[in-house]
Structure formats: structure tokens, C-alpha cells
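Shown next, in C-alpha cells, is the structure this report addresses.
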Number of protein chains: 2
Amino acid sequence: MINKLQAITGASNVLTGADVGRYSHDFTHSYNWTPLAVVRPGSTTEVAEIVKLANETGTPVVPVSGNTGLAGGAQAEGAIMVSLERMNRIREIRPNARLAIVEAGAILSDIRSAVEDHGLVFPLTFGAQGSAMIGGNLATNAGGSNVLRYGNTRDLTLGIEVVLPDGSVMDLMSELHKDNSGYNLKHLMIGSEGTLGIITGAVLKLMPKPRAYATAMVAAPSLDGALTLLNRLQEATGGAVEAFEFMPRSYVEQHLKVVKGSREPFDAPHDVNILVEVGATSPRDTEPGPDGRTPVSSHLETVLEELFTHGDVLDAVVAQNEAQRREMWARREAAAEVTLSRPPVQNNDIAVPLDKVATFLERADAMLTRIDPGAQPMVVSHLGDGNVHYAIWPKTQDPDTMNRLMEGVEGIVLELGGSFSAEHGIGTTKLPSMARRKNKVAMAAMRAIKAALDPNGIMNPGKVLPKD
Amino acid sequence: MINKLQAITGASNVLTGADVGRYSHDFTHSYNWTPLAVVRPGSTTEVAEIVKLANETGTPVVPVSGNTGLAGGAQAEGAIMVSLERMNRIREIRPNARLAIVEAGAILSDIRSAVEDHGLVFPLTFGAQGSAMIGGNLATNAGGSNVLRYGNTRDLTLGIEVVLPDGSVMDLMSELHKDNSGYNLKHLMIGSEGTLGIITGAVLKLMPKPRAYATAMVAAPSLDGALTLLNRLQEATGGAVEAFEFMPRSYVEQHLKVVKGSREPFDAPHDVNILVEVGATSPRDTEPGPDGRTPVSSHLETVLEELFTHGDVLDAVVAQNEAQRREMWARREAAAEVTLSRPPVQNNDIAVPLDKVATFLERADAMLTRIDPGAQPMVVSHLGDGNVHYAIWPKTQDPDTMNRLMEGVEGIVLELGGSFSAEHGIGTTKLPSMARRKNKVAMAAMRAIKAALDPNGIMNPGKVLPKD
């Protein structure tokens, strides 16, 4: 096997033994494994040959790109790991057609930098963007902070190229905005976490890069009030709200404790603290006035003042300069630090309908108190997407209680029509939740599709679909 | 069979013999057929029972809703036609969550009217919206004039409910903006034209309804220039361009000939005539000034004047009132009348990458002259989506020439990375194109999925996938 792999990619691109070290765990070190070999193909043809070989020999294949996933999706015990890292070219940027053509191993922040030179933005953005690669973003349909305006990864993708489990290359590198010619295999592959094939390339949509941002901290009277506020802001800005992030009082307090030099967002404490950001591309919004402020900031201030007079806003601070904007974002971006400041932590990445976030939080907090009195929630939320990162600091900390808390969260989520995995995917971490909670008819359809496209079960086996 | 169907829906909802008349042809009368029976279920449970019966007896099932399709997708010779017309309820509108929950037989224009009462819009819009039903829109992933801003039907849909070929009900009625829990079956079902199941309900995304429009006719120096113009307008308006429709000089001239009382859009004739519309929701854009004009119109005028001084615009007229706006739209909406004014017509609904529309038109026109000297193209295009309705008025009119022209168009489309079916779907009309042109690996994957989900081949057989 190793010889055959070496014949495909050259010996230097087949790693075994001690050389696989950095490929044998996820980045949080929650999972460890020993792959059969790590192969670093340099082209789609090489990926196809590797997969063909694996399929013929019944060897498991696990694709990996930036290895920044949070769900154990790249575990590869005894498998051939196919690392896309050498396929990192940004093949083409066509500014007029607003698209970029990239290989799967291109690092997200590199793609973002390359298109910025053309005044454009590829708006996918999240913490790990300096090492995450687009192939993994596509495999997991990554989300992040700007989904509200631009959508998830799938919404930012015109086309993909995929090596299927039999080693055939499926060229769906469409540059089209409209194409109704058969089943949408692009959307089937995106988010399938490497279990239906290996994504090797993509055509990405680009947007005009905002030339100015208006950013504010806003205190809302309630979560329902915050949703009204979001809808009014969307109307007032023509849908230009890029981020709408919720931090409850408990989060703000913990942030003050944990991060040196951090400050209160408002003069008085509030329960519902919102970070809102509006992006502007139009010269009428972006050209600074005599006072150095941009019209988009002044406009946001006016809108917030109006909402204040109607009671939809309790307090608001609009960033007057980039430093103030950075301070606002720093509070939100400290989420990992804040959440992990009191281990152990149980992370729950859930989504509910926009108008049910308040109900979810009430019920979840009550459930905590019931199951583990003294347990504490630590919450931060992409409120505009209904996505809540509901971390729990348990009091009891035994595995049984931890499990009951997770099941408790899932139960409430399901009752409210939500999802137990909003943006991190299933991998292996969420397999028990899939088994417990996923619609049975949908699960049967997924299994049928998996069996049809990967009859030998070689592609990232044991991920996404729990054992029958 | 008929008795069993009657037992499911009641005798009055099973039509046979002379009663199936209006269900036995498509709305253009291009196709005629005789169904075994037409059944009109009143609930998802009834749909499921019908499909289960059909699956057990190996009887073909063809779903139909508004029957406004253009590709022969509802042909039902000898099949049970399942008409969704009785399932036409708009179950719920939740303005704060920006969503509507509807049954598959709800008529598109009824949905649009119902949500307008809440200051919202369901932005799917096209000619047949007064009779087209949402189930068919979802089955074909309908497009239309506002795709540029809001996307195709799939982009406007949070969740669906589907009866699968075995009669099981797949509840994907998600109200979520983020959900990464397994394969995306919603996107697989949408656009599958009833061959993988019957869509019975949907959760639709709603948007703030524009309270003012700025509409203009613009003459651009070239098609490439028009694309630059679109990109500048998107920047200047923060992505608020709702429509960007291209009409060449030949279209404008034919419109003048065919439609009584129609007028030239500009003082002088131009080759590249663009209808552009910007939608505004913000009070700063929509509140009329002392002259009765809205700020959004004045802003569009300013932007166009700037582009004029740079040579990106040759001439422009901004509508000063609703009557002028209607006149601009009437020219575009007369497309069917203009195109059909000289039968026979060969319609080609194609898409190419945004920056290749000009190349497509040059090559297609040259191909016409080569194959059928004297043949004439009649073109109108959703230019902002790269979607060209390339109608041909053949000179020779024999079937062989007609076929060679269609193949010629397809060949050019494929060379440019385009699609032979942009928004109308495959149905039966485009089966030869699928067989000739669709990527073979993708086709094999589609067949595998079809066989996995519909092993008895009962769901809308003979559509989308050509015979192997």
C-alpha cells in the first residue's frame, strides 16, 4: 500500500511512523489517532488515484485540510489521511464576475487577503481562519460571524470539484448563478464532512468589500426586543447588518473578570448586550465628513436614537473610531477565553428559530437548575442567525450529569424545532445526538445515499452517520 | 386502484375519464397525456397514503401543482396525478422571525399578498405567479426577475416537508438559518422536479418589503461595460439592485413593432439597453421630498450621472413616477409576446458566467448565420444572473435545422462553462440535452441517488434523468 501511494505522489509526500505526529490529533487535543499513512497529493488526479486505490483495497480514507474542526471529523485510526495542504493555489480571481477559483488546501485568510486587493471580500470569517482551509470549510459548511448578511459557506459557493468514493472526479466547478439541470449535488456534498467524497477545488462568490463599518454596543430591553431591533436595523440599512451578536450580563461580567483592562460596555449594567455592525460600500456612506466620521456611523446613531425614543433601545454606544470598534469586537472574540475560564465546560452549539431564542434560554436555565443545582450557563450567541453557543459550567462534573445536561439541552432544542448542531457539524462528537435526535426518515435517506455513493464505506467512515 | 384512492381522499377527489380534461395537458398545450386518475389529497397524510399505494402496486405517480412549468415535467400518461391544489393554506406568518409556513398548493401570488400585509415580501416573482403554486416552484427551483438580489427559490426556503417514494413523510420543516446535522436533503429535494418525492409544505424566508423603488433605463457602451455598471451600482446601493435586465436593440425594435403605443427608451437607438431597479426600505431613502421624488431615485440619478461622466453610461432615464416605471417594466414583461410574434420559435434558457455573456452572444449569432443563414436571434436576459433567454427565429424551419441550432447553442454554452437549463429545469423537454451535455460522473451520481431513494421508479418517471 505504502509503495503504491508513493508511486502516486512521490515518496516525500507519503508520511508514516513518527512523521505523522502532527496529523494524529485534532487541534484541541481532544482526539488522538494513528493513521496508516498521511498522503499529500499535489493535484486532483493524484487525489483520485489515491481514492481509487483505497476503494479497490477497502482501505478507509480521511480527508484533512486545516484540521481546525471542533467535532472530531478528521479522526483517522488506521486510515489513509489525504492532506490537501499542497493544493493551496488561488488559481484565478475574476473581479468583474465577482468570483475566485481556488484549490481545497487554500487557507481561508489567504483567500480573503488575495481578493481584498481587488476591493472585494470573501465574507466567510471566524477565529480559525488563519489555518482553516477552504476544503474543510466546505466539508463542514462553516458559519461564523457574518452569516447574517452573507450566508453559510454553501451560500458563498458557486461550484466545487469532488473526488467521489470510486475515484471518479465530479467536475461541478460551475461559475453560474442559475443552473437547473438535475439534482443539486453541490449542496449534497457541501456539509457532508468528507463522507461522500473529497472536495478538491471550489468557485467562490465575492462581494464588494465594505469601505466603512458602523459598529455599536446596544442594550435592548429583552431578547424579543432585540429581534425587533434587528428587523428595524435591517430596514433602516437596506439589509447591511453584518453582525448581530448577543452577550448576556453574565458573559460581560466574566469578561471583565478574565480579561485584564476590559471595560463595561455601558454606564449601567444591562441584561441584553448586543454588538451590531453595519457594513457600507457606497461613497455616500463611506466618505468621512469634516469631523472624520463616516455617514454610515452617523446614520446608525440616528437610527438608534429613534429606537431609543420608542423604548426599543435602552442604551447605545456607537464606535467613534477603529480603536473603539476593536474594543467592542475584542469582547465578543474573547468568547473562547471567557467560556474556558472555568473548566470543565460542556459546549453546546445549537440553533433555534429566531423568535425562540428567549424561550430556549429560559427553559435551558431552568433545566440546569433542576438537573445540576449550582451549574452555570455561559452564553454567547450569533443572535441574528438563532445560533446560541450555550456552554455549561457544571457543578457536579460527573460524566452522567454532563450527559444528562447535554440531553436536556437537546430535548429543549428539539421541542423548539431547533438543531443540536448549528455550525460545527457532527463528526464523531455529535454522533450520539444524531442517533437520539435526528429525524428517522431523514436518517434513512442519508444512509441510502451514503450506501449508493460509497458502497464500500471507505470515505471518512464512522463520521456523521451513527451505526445503524 | 380507483376504489382504494377514493378510500383515501373521498370519491369526489378522485377524477377519471372526462373529468381529467384540464389535467391532461401543459399550459402551453405542447404536451398532452391521459392520466390513470387525478387525486386531490387534502393533507400530507393522504399524500403519503397515495404514494404508499402507488409504490406497493408499482404505479407511476406524477405530482402537479399550478401546472405552469415550461419543460413538460408534469406529463402523466397512465400515471396517478397527485394535484396539491387543495393543500393551499398559508398556515402561519411570523413577522418577527421573518418566515411563513405554507402548504405546497398555496399560489405564489397569494403568499406574496398575505405577507405584504405585514410590510414583508416573499421575493420570488415571475409571470405565472397568479397560478403557479409554491410546491411546483420548489420542485423546479424557480428563478425569475429578482434572483440577483434574493436568490432562487432554494435560497428563499428554510425548510420543506416531503413525501418520499415509499410513502414515508420526511419532516424537514426547519425554521433555522444554521443547521449542520447531516446531509442537506432540503437542497437535494428542491429542484428534483418531483422525481425524488412530493413536496407538501415549506417554511419560507421573508424580507422587508421595499417601500420605494428607483427604476431606470440605461444605455451601456457594451455588455462588458454593463457588468462594470452593475458592480458599481451594487457598491453604490449596498447591494440593493433588485433587477438588471438586458434588452438588445433588436428586441427594442421588435417591441416597438409588436406592441401598440410603445415608445423608444432613449432619444437615440442603443445596442445595450438595461432595465435596472433598486429597492429601498430605509426611511432615509423612501420618504418623498418636496418635489414628490424619493431620495432613492435622486441617489440613483446621481450615481448614473457620475458613471456617465466616466463613459460607463451612454444615456439614462430614471422613472419619475409609477407610470414611467410601469412603462419600463412593460417593455421587459412583453418578452413572451415579442418572442412569439414570429413563430416558430426555438427557446433556449441558458446561463453562462457573468463575464461571458458577450462572448456567448457573439458566438451564438455566428453559429446561427453558419447553420441557418437568415435565422434571427431574439434575446432578452436576466444579465445580473448570466441568464440569457436566447430565442431563435429559424429561416429554414425543418426539424433537422432546429435541432442543429439547439445543439449549436448548447455546444457554445458548454465551452463557456454554462448550463443548458438555467431556470426552467429538465422535465422531458431537456432530456436530450441532459443525455448529450451533462457531466457523466454527475449523471451517474444522480442515477445512484434516484435508485437508492426510489427503487421502484414510481416518482415522476421519465423526467430529469434520461434513459441509461
Side-chain angles (χ1 to χ4, degrees), chain A residues 94 96-97 140-141 143 147 152 168-172 175-185 187-188 191-192 208 227-228 231 234-238 240 280-282 351 353-355 385-387 417-423 425-426 434 438-439 441-442 445-446 448-449 451-453 464, chain B residues 94 96-97 140-141 143 147 152 168-172 175-185 187-188 191-192 208 227-228 231 234-238 240 280-282 351 353-355 385-387 417-423 425-426 434 438-439 441-442 445-446 448-449 451-453 464:
Chain A
R94 299 223 304 277
N96 223 21
T140 57
N141 185 33
V147 170
N152 294 288
S168 58
V169 179
M170 187 160 72
D171 179 356
L172 306 174
E175 301 173 1
L176 307 176
H177 293 259
K178 279 185 177 173
D179 180 11
N180 277 338
S181 57
Y183 307 157
N184 198 306
L185 300 172
H187 281 305
L188 180 64
S192 66
L227 192 55
T228 304
N231 289 333
Q234 291 287 32
E235 278 175 28
T237 62
T281 57
S282 172
L354 298 183
D355 52 358
D385 314 314
N387 182 190
S419 172
F420 53 83
S421 181
E423 58 178 8
I426 303 302
M434 276 292 270
K438 191 72 190 182
N439 178 300
V441 177
M446 289 182 204
I449 291 167
L453 298 182
V464 180
Chain B
R94 297 223 305 276
N96 224 20
T140 57
N141 184 33
V147 170
N152 295 286
S168 58
V169 179
M170 186 159 72
D171 179 355
L172 306 173
E175 300 174 1
L176 307 175
H177 293 259
K178 280 185 177 175
D179 181 11
N180 277 337
S181 58
Y183 308 156
N184 198 305
L185 300 172
H187 280 306
L188 181 64
S192 67
L227 192 54
T228 304
N231 289 333
Q234 292 288 32
E235 279 175 27
T237 62
T281 58
S282 173
L354 297 183
D355 52 358
D385 314 314
N387 182 190
S419 171
F420 53 83
S421 180
E423 58 177 9
I426 304 301
M434 278 291 271
K438 190 72 190 180
N439 178 300
V441 177
M446 288 181 205
I449 291 166
L453 298 182
V464 180

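Below, chains carry the letters A, B, ... as their sequence lines are ordered, and counting in each starts from 1.
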Requested in this report: Compare every heavy atom of B:K178 with every heavy atom of A:A351, then report the nearest pair and how far apart it is.
Outcome: CB-O, 3.3 Å
Query raised in the report: Of all of A:D355, A:L188, A:L354, which one pairs up most often with chain B through heavy atoms under 4.5 Å apart?
Result: A:D355
**Report entry** Top contributor to chain A contacts, counting heavy-atom pairs under 4.5 Å, from B:L172, B:D385, B:N387
**Finding:** B:D385
Report task. Considering non-hydrogen atoms only, spot the tightest contact between A:D179 and B:S419 and give its length. Result -> OD1-OG, 2.5 Å
Report summary line: One option among A:H177, A:H187, A:E175, A:M170 has the most heavy-atom pairs under 4.5 Å with chain B, and it is A:H187
Report task. Let me know if B:N152 has heavy atoms under 4.5 Å from chain A in its side chain, its backbone, both or neither. Result -> side chain
Query - Top of A:A445, A:A236, A:A452, A:A422 for chain B proximity - count of heavy-atom pairs under 4.5 angstrom - result: A:A422
**Report entry** Test item: B:N96 and A:T228 side chains (from C-beta on) under 4.5 Å apart, heavy atoms
**Finding:** yes
Query - Heavy-atom closest contact (B:E235 atom, A:T281 atom, distance) - result: O-OG1, 2.6 Å
Report task. Go through the side-chain N and O atoms of B:N141 and A:N180 and say whether any donor and acceptor fall under 3.5 Å apart. Result -> yes
Query raised in the report: chain B: which of A:T140, A:I449, A:N231, A:L185 shares the most heavy-atom pairs with it under 4.5 Å?
Result: A:N231
Query raised in the report: Who among B:N184, B:T237, B:L176 has the most heavy-atom pairs with chain A under 4.5 Å?
Result: B:L176
Query raised in the report: Relative to chain B, which segment of A:A442 carries a heavy atom at a distance below 4.5 Å: side chain, backbone, both, or neither?
Result: both
Report summary line: Counting heavy-atom pairs under 4.5 Å with chain B, the top scorer among A:A448, A:S181, A:A97 is A:S181
Requested in this report: Considering only heavy atoms and a distance below 4.5 Å, find which of B:G418, B:S421, B:P208 pairs most often with chain A.
Outcome: B:S421
Requested in this report: Using a cut-off of under 4.5 Å on heavy-atom pairs, state which of B:Q234, B:K438, B:M446 scores highest against chain A.
Outcome: B:M446
Query raised in the report: By a 4.5 Å heavy-atom criterion (distance strictly below it), what part of A:I426 contacts chain B: side chain, backbone, both, or neither?
Result: both
**Report entry** Closest approach of B:V441 to A:S168 (non-hydrogen atoms, all atoms of both residues)
**Finding:** CG1-OG, 3.6 Å
Query raised in the report: B:M434 versus chain A, heavy atoms under 4.5 Å apart: side chain, backbone, both or neither?
Result: side chain
Report summary line: On a heavy-atom basis, the closest approach of B:V464 and A:G182 is CG1-CA, 3.9 Å
